[in-house]
There are 2 protein chains.
Amino acid sequence: MKMTVKEVANLTGVSVRTLHYYHREGILIPCEVTENKYRYYDATNLEQLQNILFLRELDFSIQEIKGILADPNYDEMDSFKKQRHLLQLKRNRLDKLIALLDQKLQGEETMNFKPFDMKEIEENQRKYQKETQERWGNTDAYHQSEQKTKGYTPENWAAIHNETEAIYASFVANMDKDTADPIVQDLVVQWQNNITKHYYNCTNEILAGLGLMYVHDDRFKENIDEHATGLAQFMSDAIGIYTAK
Amino acid sequence: MKMTVKEVANLTGVSVRTLHYYHREGILIPCEVTENKYRYYDATNLEQLQNILFLRELDFSIQEIKGILADPNYDEMDSFKKQRHLLQLKRNRLDKLIALLDQKLQGEETMNFKPFDMKEIEENQRKYQKETQERWGNTDAYHQSEQKTKGYTPENWAAIHNETEAIYASFVANMDKDTADPIVQDLVVQWQNNITKHYYNCTNEILAGLGLMYVHDDRFKENIDEHATGLAQFMSDAIGIYTAK
DNA sequence: ATAAACTATTACCTAAGGTGAGTGTCAAGG
DNA sequence: CCTTGACACTCACCTTAGGTAATAGTTTAT
């Protein structure tokens, strides 16, 4: 069920250009990019796109959307609830504007500007964002990551992806060894460097935190275990030993 | 009841920069601009601003808003009715999005993109615009005017205003003469040239149409008669004689 | 084999203001 | 009369979320 850009565009109503843009911005990365740079999208991509459209509807900027969706503790249902609330606020605002218009249709000379006000909505948007940022725990890391990833091109993303996958592969290839084995410990260092290089300064403390998340956060765990069952636990253990020193 | 930019900004929630911008774009011209370029707004300006905010809410561009508000046959009540309809469409759309979100909250895996669709709303916006453009009668003139006035700066507007007022004053000064008097007829020519120079190619046919509007369209009539009671009729008659030749 | 219909990248363009620098103006209090 | 803080002005550059070519490679169907 791979879909081309055009097919996605037709199905969803977003333009091809927008898909290109979302790719470059790193908020919707096609499941497959062939050698000749053709983009192909799958069902997961479509779901992500739907999420993006919801957030866009709520007037979040693309950068903000990136932050929300990249949140390691992102809770879809919780997010939907907040989105619902924001949509309701917007509807209330429209209701007030319609009411004001009705007054004017009655011939009332009303000089009212409150219905145009966006303060309440903006306040809730900020609240939403603040919560996700707090969940990132380390705001410094979050901001660094935001800054760094801002300018990444699709080529950059592809390179990062390859590099990351290579380290994953090495981990898988050494899963029979002890987690304290120097080879495995070196992979942990590579992993840490990879994060620092591409996202944010990954200190030992943060690395320790990540190690714990890899087993306790299902989103992370599932992702990692796709490379090999048990990999998440293995990496987490290896990181634990490394950071304990 | 003159208000400064800041006061208007505080009252309406619109930024000072936006007021500057609306001035330069010619969609909200302060009732008074002092020698040192300070802007002062009155109640009429506020009403106009409210209209602008309504139209902005409906996603009309500033240029489109200019076209709508400059429509010589602009009917406020009719406009409100259409605005109401558009706002309702927007609300319906929000309702659908909320419903979709509710489905997702129920855990349904729905891959629906229709609620994001803007086609219906855009279609109605086009309909709205088309109607006002048609009322301009001469679409060529409308477009010329749109193009020309696009680049006008506040200084341009002030100059045009002065020039126009000067002709009005001359008309007033000669209201005791016959409308066929060469002096009056020359003012008609100046009037025609003024329009051609600043707005669009004002042919004799169009001028004749304007002459009729000056007495039949209350918006025009009131505006003109502010300079002197009976001026609208006087100008209309003079134009009638000129274009009859 | 060729045309139609895709795909890609690059690069420039837009709307509706935001932001900041530098400067002029006004009202109030000392 | 002077100063000071709040306000006013313009100028000029910046931003977002893509739109719109132009140019060129690819796929697919005939």
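Naming: A, B, ... by sequence-line order, numbering from 1 per chain.
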Take atom [atom1] of [X] and atom [atom2] of [N], then tell me their distance rounded to the nearest Å.
X: A/R24; N: C/dA8; atom1: CZ; atom2: C1'; answer: 12 Å
X: A/K2; N: C/dC6; atom1: NZ; atom2: P; answer: 18 Å
X: A/Q63; N: D/dG18; atom1: CD; atom2: P; answer: 12 Å
X: A/L19; N: C/dT9; atom1: CG; atom2: P; answer: 12 Å
X: B/I52; N: C/dG17; atom1: CD1; atom2: P; answer: 10 Å
X: A/Y21; N: D/dG19; atom1: OH; atom2: C1'; answer: 12 Å
X: A/E35; N: C/dA8; atom1: CD; atom2: P; answer: 15 Å
X: B/L28; N: C/dG17; atom1: CG; atom2: C1'; answer: 15 Å

Distance test, side-chain N/O of [X] to OP1/OP2 of [N], below 4.0 Å:
X: A/R39; N: C/dA8; answer: yes
X: B/R56; N: C/dG17; answer: yes
X: A/H20; N: C/dA8; answer: yes
X: A/T34; N: C/dT7; answer: no
X: A/S15; N: D/dG19; answer: yes
X: B/Y40; N: D/dA8; answer: no
X: A/Y22; N: D/dG18; answer: yes

Angle, rounded to 10°, between the helical axes spanning five pairs at each terminus of the helix from C/dA1-D/dT30 to C/dG30-D/dC1?
10°

Strictly by side-chain hydrogen bond (donor to acceptor under 3.5 Å, both in side chains), give each pair with a member in residues 96-105 of chain B just once, sequence neighbours left out.
A/Q50-B/K104, A/R84-B/D102

Could you list, one pair per line, each protein nitrogen or oxygen that sits under 3.5 Å from a nitrogen or oxygen of nucleotides 21-23 of chain C, together with the distance?
none

By side-chain hydrogen bond (donor to acceptor under 3.5 Å, both in side chains) - contacts of B/Y22 (at least two apart)
B/R56

By side-chain hydrogen bond (donor to acceptor under 3.5 Å, both in side chains), which residues pair with A/K37, not counting sequence neighbours?
A/E155

Choosing from C/dT9, D/dA8, D/dA12, which nucleotide comes nearest the side chain of B/K6?
D/dA8

To the nearest 0.5 Å, how far apart are [atom1] in [X] and [atom2] in [Y]?
X: B/I68; Y: B/Y128; atom1: CD1; atom2: OH; answer: 4.5 Å
X: B/E131; Y: B/D75; atom1: CD; atom2: CG; answer: 11.0 Å
X: B/L97; Y: B/K114; atom1: CG; atom2: NZ; answer: 13.0 Å

Which residues pass the salt bridge (Lys or Arg N to Asp or Glu O under 4.0 Å) test with [X], sequence neighbours left out?
X: B/K127; value: none
X: B/D59; value: B/K90
X: A/E163; value: A/K197
X: A/E32; value: A/K2

Output one line per pair: protein atom, nucleotide atom from nucleotides 22-26 of chain D, and distance, for all N/O pairs under 3.5 Å.
from: D/dG25; atom 1: N2; to: A/Y38; atom 2: OH; distance (Å): 2.9
from: D/dT26; atom 1: O4'; to: A/Y38; atom 2: OH; distance (Å): 3.0
from: D/dT26; atom 1: O3'; to: A/N36; atom 2: ND2; distance (Å): 3.3

For B/V5 and B/R17, take the nucleotide of DNA chain D holding the closest heavy atom to each; which residue's nucleotide lies nearer the 5' end?
B/V5

Mind checking side chain to side chain contact (heavy atoms under 4.5 Å, CB included) for B/D42 and listing every partner two or more places apart, or none if nothing turns up?
B/C31, B/T44, B/N45

Looking at residues at least two apart in the chain, or sitting in another chain, which of them share a side chain to side chain contact (heavy atoms under 4.5 Å, CB included) with A/N223?
none

